Undergrad: 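Sharing a structure below in structure tokens format, with a few things to ask.
All heavy atoms count here, side chains included; hydrogens, waters and symmetry mates do not. Throughout, protein chains are lettered first and strands after them, A, B, ... in sequence-line order, and every chain is numbered starting at 1. Everything quoted here is computed from the prediction, not taken from an experiment.
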Amino acid sequence: MSQTSDSALLRVSGVTVQFGGLKAVDDVSFEVYPGELLGLIGPNGAGKTTLMRAITGVVTANTGSIHLGDQELTHLPIHQRIRKGLAFSQQLVKPFRQISVLDNVALAAGAAHTRSPLKSLLHTDSAHEREVAREMLARVGISRHADQMPGIQPLGVLKRLEVARALAQNPKLLLLDEPLAGLNSKEAATLADTIAEINRQGVTIILIEHNLGEVMRICQRLVVLDNGRRIASGAPREVMQQPQVRAAYLGTDAPAESTEAHSA
Amino acid sequence: MLFIELVAQGLVQGSIYALIALGLTLVYGLLRILHIAHAALFTLGGYIGVLATNATGSLTLACIFAMLGAGIVGVIIYRLCYEPILRQPPFVALIASIGLYIAFEEAFRIIFGAAGLTYDAPPLQQYVSVFGSLHFSLAELVVMGSSLAIIAALGYLQTHTRVGIACQATVSDPQMAQSFGIRLRTVRDLNFFVGSALAGFAGVWVALLNNLVEPTMGSVPSYKALAIIVLGGMGSVRGTLLASLVLGVAESFGTIYLDQWLDRNAIAFALLILVLMVRPQGLFARR
Amino acid sequence: MLELKNLTCGYGTFEAVHDLSLALQPGTITALLGANGAGKSSTLMCIAGHIQLHGGSIMFEGRDISTLPAHDRVRLGLAISPEGRRLFKDLSVEDNLRVGGLIRPRSDYAHDREQVLSLFPRLGERLDSLAGNLSGGEQQMLAIGRALMTRPKLIMIDELSLGLMPKVIDLCYQALHKLREDGMAILLVEQNTDRALSVADQVCVLESGRTVWQGSAQEAARDPDLASAYLGLH
Amino acid sequence: MAYEISLLTAMGISVIFALSLNLITGFCGQISLGHAAFLGIGAYTSAMLCKAGLPFFATLPVAMLLAGIVGIVVGLASLRVRDDFLAITTMGVVFLFVGIVRQQEWLGGEMGISGIPGSGLDRLGFMWLALGLAALVAVFCIYIQKSWMGRVFNGVAEDEDTMRVLGVDVPRYKLAAFAMGTALAGLAGALYGQHFKYIGPESFGFIESITVLSMVVFGGIGSVPGVIFGAALLSALPAWFQFIGDYKLLVYGGVLFLMMRFSPGGVAGIVRSLLQRRSAGHQPGASS
Amino acid sequence: APAALADIKIGLNVPLTGFAAADGNSAHIGAQLAVEKANAQGGINGEKIVLVVYDDQASAKEATPIATKLIERDKVVGAVSGSYSAATRPSAQIFQAAQVPYVVAYSIDPSVTRAGDYMFRVSSMGEVQGRGGAKLVNELGKKRVVLVTLKNDFGQTLARGFKEGAKKFDLDIASEYEYDIKDRQFGSLIAKIKSDNPEAIYASGYYFNAGPLVSQMRAAGITVPIIGQEGYDSEKFIEIAGKAAEGTLLVTSLDRDSDVAETKEFLQKFREKANFGADMVGAATYSATAILIEGLRKTGGKGGAELRDAIAQGSYTMPIGTLQFNDLHEVNKDLQVQIVKDGAFHRHSVLHDPELLAAPTKDSK
Ligand SMILES: Nc1ncnc2c1ncn2[C@@H]1O[C@H](COP(=O)(O)OP(=O)(O)OP(=O)(O)O)[C@@H](O)[C@H]1O
Ligand SMILES: Nc1ncnc2c1ncn2[C@@H]1O[C@H](COP(=O)(O)OP(=O)(O)OP(=O)(O)O)[C@@H](O)[C@H]1O
Ligand SMILES: [Mg+2]
Ligand SMILES: [Mg+2]
């Protein structure tokens, strides 16, 4: 792969997000290339979620620019960014509680119908979208829960529902914020495999995760944030060897290998 | 001179609004319900105030009775009416509250008559001049002073005491608040009692200023107080005070200079909409 | 210290936990494990007094607290860091800690707060932020810190390591060791199974609300089935 | 007969009006305490045009259009505020409407407009017109529920932030709800003026806004049959309550309160739970 | 009742609940007094008169079905409006269409009598009363007036009339203010009025506005004459304003010091029945009802065109004056000026000016 910044799918340059006096994201730049599975890691409060929100438009960047392919996203509202091919699953899960798990995903799959009020008014049929939704639920392994209401689902199911919903939007670039949190190691490994599989099928993914074992296993490249700044990036193993990363993330005394072995 | 006088009159009116809206702020801050029936407690306070003053001759006693009466009825309303429907969407409580307000208004009319009651010998009517040419009645001065004092005290309580923090925690997550030793019922009862007692207090004084308490006395406060707490940023004591005074002064000038275009209510709401378009979270955001 | 006797609880007619019996000693860590939806969180919420008991009883220090309201249980020394953190979102970090300290004498506040902040220095930097604006990991720290502010005899922590970075997980587990040494009983729910197994004195595994395995940590280490069958370890 | 006709006509108009609010508040979750303003716009538009010589039927589309346009403007303003802020902002709209109209001499000022020319239909014919339009509006609402628009509305009502994340242009949907709801209110208004033959600013104030919201919530917010029932019942209630004379409003207030207290889902909620109980009786364990 | 079939039914719509309930109550009592008196005198050819009363909440929406119901269900031969304009206007159309005579007590909307020839009104139009107010100011020898207007149809027609009169008498209207019917606090208004420095104040309003308004004006040191009208005409006004009410003048139709037997009797009977003194609303509704009954006496209980013509022809001595309907079925009468003295209304003067106080006719615009 020749990775120049021209061929990048997502280009984040010089993005800063400030909350009052706090710089949650501080002049961060990086690129994501088509087909890549990029891990975004860093200590708690480093600004990962905020950066993701800046990319998707939930918060607006104070400075910097964001490009998807050759289109600038920086000042677009969320829904337009989504329509250009972004999808994301959030750290805090928020399903619609009034409709079933399946319908939650089907709603996301119906983007073609919900593009404008008029279009949506003229369509009633949802068989196709439900079909897609079933497929997505199967993919993340919660088909069993399809017809139940989300309100009573345990966290693990909700996390996967959130991923399924993002997938159903058929994105070019998928942003996942801690999808593995709350799963036990077997489930986590399975979902991680699913994520890797989705990636192989051509979806570019940014993965925010604290489960280092899985991150090291499936990610092709890492970007590390600390205190809002990018402190490292590159191949996973190399990055994890860097002292500033180890200091910020693992604690000085912990050898990298042990952490990896630990969950792998 | 006229300018100053209009400001002064606006402040009097504003502090009346503040007294009424403050109780509503407390209730809203705690339960997030648009408690229209609050205005019925205001009217109740007015009735108790007039009846008690006429019976005992003491305005002080009447205030105490009115505050106790309104406070207790407020707690009863909370227990019987709102507590069971807290988990419902907010408009359920709103409609229940409207129903309750209508019923109260009618009950007052049926019991005390449609024409209303007056003080036999209204106290504190003497006029005093302040700064030379500004004139206030004693009653107006008491209203202004007490509303400022009460608001200062409440503002302090809300942010600086354990009770205040417990209230705020209850607003945020009632179930978890219990897990930190907070008795939900106690906190809510207390809030309703204090909020309703303030409404009752306001009722006594408005009845005195008008020398009239009517069944429909609460109809203007029922919506204007809501507008005020929204303007003030919902649940903020400081915001409520500021919004009340701003509104009072705006109306004071508006009724003189804008009456060809807009009436008093329209002025209040035009101001409200204007502010909300610029600051959708109200003058003061919560906290 | 805490004894669950045939505890059964759930939502409406649905039983989330069935016939659970468990005894916790002071100065021990008990790990409650199980797949998603096994009923772990429900157990904790039931002990804390937020879910109605359908059957069985909860004894705390020899006293039956089955019907005691939640706000009295915490006064006896039972604290919870619940699933989903449930912080007071529009209160500041400082105020969240103050709520934690409500049941303590005023004079202890400064000292208790110092202790929590030394455990989670990151919180010290964010004292004036609204809890709702904290990052995921910071929220988790605050939830635990808030529970510790009540100076409990028993602390229940749901999903301790959820959303925490490895360094902080290490810190938390060190803290658990210390709390155990101070004689606190700890009831831990974890998805990070082997981490939990490594600190626990006692293990209980749930599946669909039923107890499928229970025993000491040593037994757990020796039982080959446990890891593969119930805990999803490879 | 004329009495029943008059009552049924009024019911039909109330049903259209309530359904139009339900579209905004029930379907799309945007609580409005100022809906009567749009009833007023429709009524005034139609009445003025009728007086200017236009046939009544030609005024209907104009009334709907004008109410809808003002609805979009109000909708645009309300995009900035949420929840209770929205409720109070819309409440402001109705006070502004009344405040402005009463100052306009050309709209009859305080006196309002009377002597509105007839529609050409007799009273019976007009009743059928009102009932027919009410039925049409009801069918339209049910259709919306079934369409993708209904799904999006539901989503917006529950959590608009998440809808944005799903790529939905939330503001446009809100505006669509406002436009449709207020246009239908305008239709109801045109019929209102024609039926009562007199309109004045106070007929379209806060009280009327609250009344229609009560109808919607009383019937069961979001449920089309429920809202129809609620509107029909509450619009006739004061007339039926004449026999309790003095206690009429007391009872009305009490009924509202008790309904919310004991069945927050309104009439539709009661029916739903009855049906559920029955089906649960037949096949134990059935849920949803 | 078994005898019901033979009874003669007349209808009455009044606001018994809602914001206008106090006026509705007085109106109701007034109408009852008229019916009781007629029945005590043997009814109509021995048949009892039955008053069918419905509460219209002073709202158009409630009034419409009520009018229909009175006509259709209760088959009344005639009806009385004891309500505000909002409720009376739509009812007028319905009664006219059904050709049932409708006698309006105190609603002052011009469109009511324009609805057709079955409509009658016993009180003076707002404009007429307003002109009377201007005449009174002139007679007091004052020139510079401030006009305070209640913002509703009542207040605005009064203001219109007053301004017409003012032009005629060459009064100087220093400024003009409006307030809302719900207002009770007038601080800013009064501050402004003080700065206008008028010689007299003409302020429209109902007793619940006027009470606080007058007492606040007096307290603020305004000493010039305050002139009110019908809306003030209730003992409640004096009760609210207390000492401040002393000296207030009102242009109305009910003379408390009247020597006319009918008026004296009415005032006494009203106090007995109501436990408070009669007001304008009660007197007007009494008169409207009594006139309808006298009409029925002439037709022997028959309604329709016969009753219409019977009512239109007579001359009636009523508590609110001697009345006679013109071609539009409006009345021409003198206006009574009352003054508050020692906590009661007393006669101040009578405004007699058939030209200035002429009611509108069919031909007037
Ligand atoms: N809306 C906000 N207002 C104020 N501060 C905020 C807001 N959102 C986030 N922050 C602060 O910005 C910093 C970065 O937060 P962010 O959620 O991006 O961290 P993160 O890297 O995702 O951490 P974690 O791994 O714990 O989820 C934190 O210190 C947080 O408290
Ligand atoms: N509020 C509720 N109403 C009804 N059922 C519920 C509710 N909350 C949880 N449940 C059900 O109770 C069961 C146990 O849930 P619980 O949250 O206790 O599981 P858990 O073991 O904590 O799972 P996780 O590891 O995902 O947190 C699940 O089947 C869940 O669907
Ligand atoms: Mg995060
Ligand atoms: Mg759980």
Side-chain angles (χ1 to χ4, degrees), chain A residues 52-53 56-58 76-90 92-100 103-126 129-130 147-152 162 165-166 168-171 175 177, chain D residues 23-24 26-30 68 71-72 75 79-80 139-181 183-184 220-223 265 269 272 276 285-288:
Chain A
M52 191 188 91
R53 294 173 148 205
T56 51
V58 178
L76 296 182
I78 305 173
H79 66 267
Q80 286 186 15
R81 301 188 194 204
I82 303 285
R83 287 182 192 170
K84 295 212 185 307
L86 289 185
F88 66 110
S89 87
Q90 308 195 59
L92 297 173
V93 283
K94 288 202 223 151
F96 294 109
R97 288 169 185 279
Q98 318 278 353
I99 55 179
S100 70
D103 287 340
N104 259 282
V105 184
L107 188 59
H113 295 328
T114 56
R115 193 160 275 266
S116 82
L118 192 62
K119 255 194 189 142
S120 69
L121 188 60
L122 297 176
H123 287 92
T124 52
D125 183 58
S126 64
E129 285 70 25
R130 292 169 72 93
D147 296 320
Q148 297 169 352
M149 296 312 251
I152 57 166
E162 188 81 21
R165 201 158 67 174
Q169 292 171 274
N170 197 15
L175 298 107
D177 196 353
Chain D
L23 227 161
I24 299 174
F27 288 2
C28 197
Q30 307 302 303
I72 289 179
L79 288 180
R80 283 185 64 76
V139 169
F140 178 61
C141 287
I142 291 174
Y143 171 77
I144 288 184
Q145 267 185 318
K146 293 218 184 317
S147 74
W148 277 88
M149 181 176 257
R151 285 174 211 156
V152 175
F153 279 169
N154 274 331
V156 173
E158 191 183 332
D159 181 354
E160 56 179 88
D161 294 329
T162 304
M163 278 321 272
R164 287 203 170 89
V165 170
L166 295 186
V168 169
D169 189 350
V170 172
R172 266 174 79 186
Y173 276 90
K174 284 195 193 170
L175 285 184
F178 267 99
M180 292 190 297
L184 288 177
I221 194 158
S223 149
R272 214 172 295 136
Q276 236 161 42
S287 67
S288 121

Undergrad: With a 4.5 Å cut-off on heavy-atom pairs, point out which of D:G155, D:G150, D:A176 contacts chain A the most.
TA: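 Highest number of pairs under 4.5 Å: D:G155.
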Undergrad: At a heavy-atom separation under 4.5 Å, does A:T56 approach chain D through its side chain, its backbone, both, or neither?
TA: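 Looking at A:T56, nothing touches chain D.
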Undergrad: Using non-hydrogen atoms and a 4.5 Å limit, figure out which bit of A:D125 sits close to chain D: side chain, backbone, both or neither.
TA: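 Interface part for A:D125: backbone (N, CA, C, O).
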Undergrad: Check whether A:Q90 gets within reach of chain D through its side chain, its backbone, both or neither, counting any heavy atom under 4.5 Å.
TA: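 Contact with chain D: side chain only.
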Undergrad: Hey, does D:R151 have a side-chain heavy atom less than 4.5 Å from the side chain of A:S126?
TA: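 Touching, per the 4.5 Å side-chain cut-off.
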Undergrad: Check whether A:Q169 reaches the backbone of D:V165 with its side chain - one donor and one acceptor, N or O, closer than 3.5 Å.
TA: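 Between the backbone of D:V165 and the side chain of A:Q169 there is a qualifying donor-acceptor contact (under 3.5 Å).
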Undergrad: Under a 4.5 Å cut-off applied to non-hydrogen side-chain atoms, are D:T162 and A:R165 in contact?
TA: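 With C-beta onward as the side chain, the pair touches.
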Undergrad: Under a 4.5 Å heavy-atom cut-off, does chain D meet the side chain of A:A166, its backbone, both or neither?
TA: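 Answer is neither: A:A166 stays 4.5 Å or more from chain D.
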Undergrad: Could you check which of D:V152, D:V170, D:D169 has the highest count of heavy-atom pairs closer than 4.5 Å to chain A?
TA: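 Heavy-atom pairs under 4.5 Å are most numerous for D:D169.
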Undergrad: Is chain D contacted by the side chain of A:P95, its backbone, both, or neither, given a heavy-atom distance below 4.5 Å?
TA: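 The backbone, not the side chain.
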Undergrad: Got a second to check how far A:L107's CG is from D:N154's CG, nearest 0.5 Å?
TA: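 Nearest 0.5 Å value for the CG-CG distance: 9.0 Å.
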Undergrad: Check whether D:D161 gets within reach of chain A through its side chain, its backbone, both or neither, counting any heavy atom under 4.5 Å.
TA: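 Only the side chain of D:D161 comes within 4.5 Å of chain A.
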Undergrad: Do you know the tightest heavy-atom contact between D:E158 and A:Q98?
TA: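 Minimum heavy-atom separation between D:E158 and A:Q98: OE1-CG, 3.1 Å.
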Undergrad: What distance separates D:M163 CE from A:I78 CD1, expressed to the nearest 0.5 Å?
TA: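 It comes to 12.5 Å.
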Undergrad: For chain A, which residues from residues 142-149 of chain D have at least one heavy atom closer than 4.5 Å to it?
TA: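 D:Y143, D:I144, D:K146, D:S147, D:W148, D:M149 fall under the 4.5 Å cut-off.
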Undergrad: List for me each residue that meets side chain to side chain contact (heavy atoms under 4.5 Å, CB included) alongside A:K119, sequence neighbours excluded, and say none if there are none.
TA: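 Only A:R115, A:S116 meet the side chain to side chain contact (heavy atoms under 4.5 Å, CB included) criterion with A:K119.
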Undergrad: Quick one: CG on D:L166 to CZ on A:F96, what's the gap to the nearest 0.5 Å?
TA: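 Here the interatomic distance stands at 5.5 Å.
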Undergrad: Counting distance only, does the side-chain N/O of A:R83 pair as donor-acceptor with the main-chain N or O of D:G167 below 3.5 Å?
TA: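 At least one qualifying donor-acceptor pair exists.
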Undergrad: Distance check, rounded to the nearest 0.5 Å: D:R164 atom CZ versus A:H79 atom NE2?
TA: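 These two atoms lie 8.5 Å from each other.
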Undergrad: By a 4.5 Å heavy-atom criterion (distance strictly below it), what part of A:E129 contacts chain D: side chain, backbone, both, or neither?
TA: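 The side chain, not the backbone.
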Undergrad: Enter the distance from D:F140:CZ to A:L121:CG here, rounded to the nearest 0.5 Å.
TA: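 Interatomic distance, D:F140 CZ to A:L121 CG, rounded to 0.5 Å: 5.5 Å.
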